[in-house]
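For clarity, every value in this text was computed on a predicted model and none was experimentally measured.
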Amino acid sequence: MRCYYVYIMASKSRVLYVGVTNDIWRRVWEHKNDVHPGFTGKYRIHRLVYFEEFKYVGNAIAREKTIKGWVREKKVALIRSANPTWEDLSEQWFDGKNVKCTTFEVKGEEKQVLRCAQDDKA
């Protein structure tokens, strides 16, 4: 079954980016490696600090729009409620440009990586 994710990435100085994806590992890897030029690369937004999982894409998109409409203080409160120290939740997923692990836990349930982004040139 396909899952969809709403996620919040942050820079070390806590600049925030809210996004939605059907492949959290690929998308986080792209952010960390500045694959797409733009806002996240410019502000070095490389840390996954929050994410939610959804069964239906419409619900994920609606949640993303809701969070994007919030003032910064409310987004920060959401992050702090689940990740008070703003740790990079994907820190163990990658080893440099390569995928390091193939599973992670959501709400106490282990999820398996179905697809991984890797740098074939390394």
Side-chain angles (χ1 to χ4, degrees):
M1 175 176 43
R2 177 158 267 187
C3 295
Y4 302 91
Y5 302 88
V6 172
Y7 63 95
I8 302 176
M9 301 284 295
S11 68
K12 287 184 180 180
S13 61
R14 297 191 174 177
V15 175
L16 302 178
Y17 174 85
V18 179
V20 65
T21 184
N22 67 342
D23 189 335
I24 190 85
W25 305 274
R26 173 189 50 81
R27 194 66 183 108
V28 169
W29 184 88
E30 289 172 350
H31 285 298
K32 287 180 175 287
N33 291 282
D34 297 323
V35 171
H36 306 291
F39 181 81
T40 59
K42 179 180 178 181
Y43 292 98
R44 300 184 46 83
I45 299 173
H46 297 150
R47 298 166 57 218
L48 177 67
V49 292
Y50 181 84
F51 68 95
E52 297 177 21
E53 180 182 328
F54 294 85
K55 183 176 179 180
Y56 301 108
V57 69
N59 294 345
I61 292 169
R63 179 67 168 161
E64 177 201 26
K65 287 181 180 182
T66 298
I67 293 171
K68 281 185 172 184
W70 289 353
V71 295
R72 178 183 170 77
E73 190 173 308
K74 193 167 180 178
K75 292 174 195 172
V76 168
L78 178 66
I79 295 164
R80 284 189 179 143
S81 72
N83 185 3
T85 58
W86 290 61
E87 291 182 43
D88 182 356
L89 302 175
S90 67
E91 186 175 25
Q92 302 300 316
W93 297 2
F94 308 102
D95 179 15
K97 293 190 178 239
N98 297 310
V99 173
K100 187 173 173 182
C101 76
T102 58
T103 60
F104 76 102
E105 200 171 292
V106 175
K107 298 178 185 171
E109 183 179 322
E110 192 171 271
K111 299 289 181 177
Q112 186 173 7
V113 175
L114 301 176
R115 188 169 63 177
C116 300
Q118 293 185 328
D119 183 7
D120 294 332
K121 297 174 186 172

Between Leu48 and Ser90, the two heavy atoms sitting closest are CB-OG, 3.9 Å

Mind checking whether Trp86 and Val76 have side chains closer than 4.5 Å, heavy atoms only?
yes

Any idea which heavy atoms bring Leu16 and Lys75 closest together, and the distance?
CD1-CB, 4.0 Å

Hey, any chance Ile45 and Trp29 share a hydrophobic cluster, counting ILVMFWY side chains that come within less than 4.5 Å of each other, even indirectly?
yes

Is it the case that over 12 heavy atoms from other parts of the model lie below 6.0 angstrom from the NZ atom of Lys68?
yes

Nearest 0.5 Å, please: how far is OH in Tyr7 from CD1 in Ile24?
7.0 Å

Just by distance, with hydrogens left out, do Asp23 and Thr21 show a side-chain donor and acceptor under 3.5 Å apart?
no

Do Trp70 and Val20 belong together in a cluster built from hydrophobic side chains that touch within less than 4.5 Å?
yes

Scanning both residues in full, the closest heavy-atom pair of Tyr43 with Ser11 reads O-CB, 3.3 Å

According to a hydrophobic-cluster definition based on side-chain heavy atoms being under 4.5 Å apart (Ile, Leu, Val, Met, Phe, Trp, Tyr only), do Val28 and Leu89 belong together?
yes

Nearest heavy-atom approach of Val18 to Ile8 is CG2-CG1, 4.0 Å

Tyr5 vs Trp25 aromatic rings, parallel, tilted or perpendicular, using cut-offs 30° and 60°?
perpendicular

Determine, step by step, whether Ile67 and Arg63 satisfy the side-chain contact (heavy atoms from CB on, under 4.5 Å) criterion, reporting the C-alpha distance in whole Å, the side-chain angles of both residues, the deciding distance to 0.1 Å, and the verdict.
CA-CA 6 Å; Ile67 293 171; Arg63 179 67 168 161; 3.7 Å; yes

Taking CZ in Arg44 as the centre, count heavy atoms belonging to other residues, nucleotides or ligands within less than 6.0 Å. Is the count above 12?
no

Can you list the steps and then say if Arg27 with Met9 is a side-chain contact (heavy atoms from CB on, under 4.5 Å)?
CA-CA 11 Å; Arg27 194 66 183 108; Met9 301 284 295; over 6 Å; no

Assigning hydrophobic clusters by single linkage (Ile, Leu, Val, Met, Phe, Trp, Tyr; side-chain heavy-atom cutoff under 4.5 Å), is Val35 placed with Trp93?
yes

Determine yes or no for a side-chain-to-main-chain donor-acceptor pair under 3.5 angstrom, with Asn83 supplying the side chain and Val49 the backbone.
yes

Passing option when Asp88 is tested against Arg47, Lys12, Lys32 for salt bridge (Lys or Arg N to Asp or Glu O under 4.0 Å):
Lys32

Does the Asn22 side chain pair with the main chain of Tyr4, one donor and one acceptor, at a distance under 3.5 Å?
no

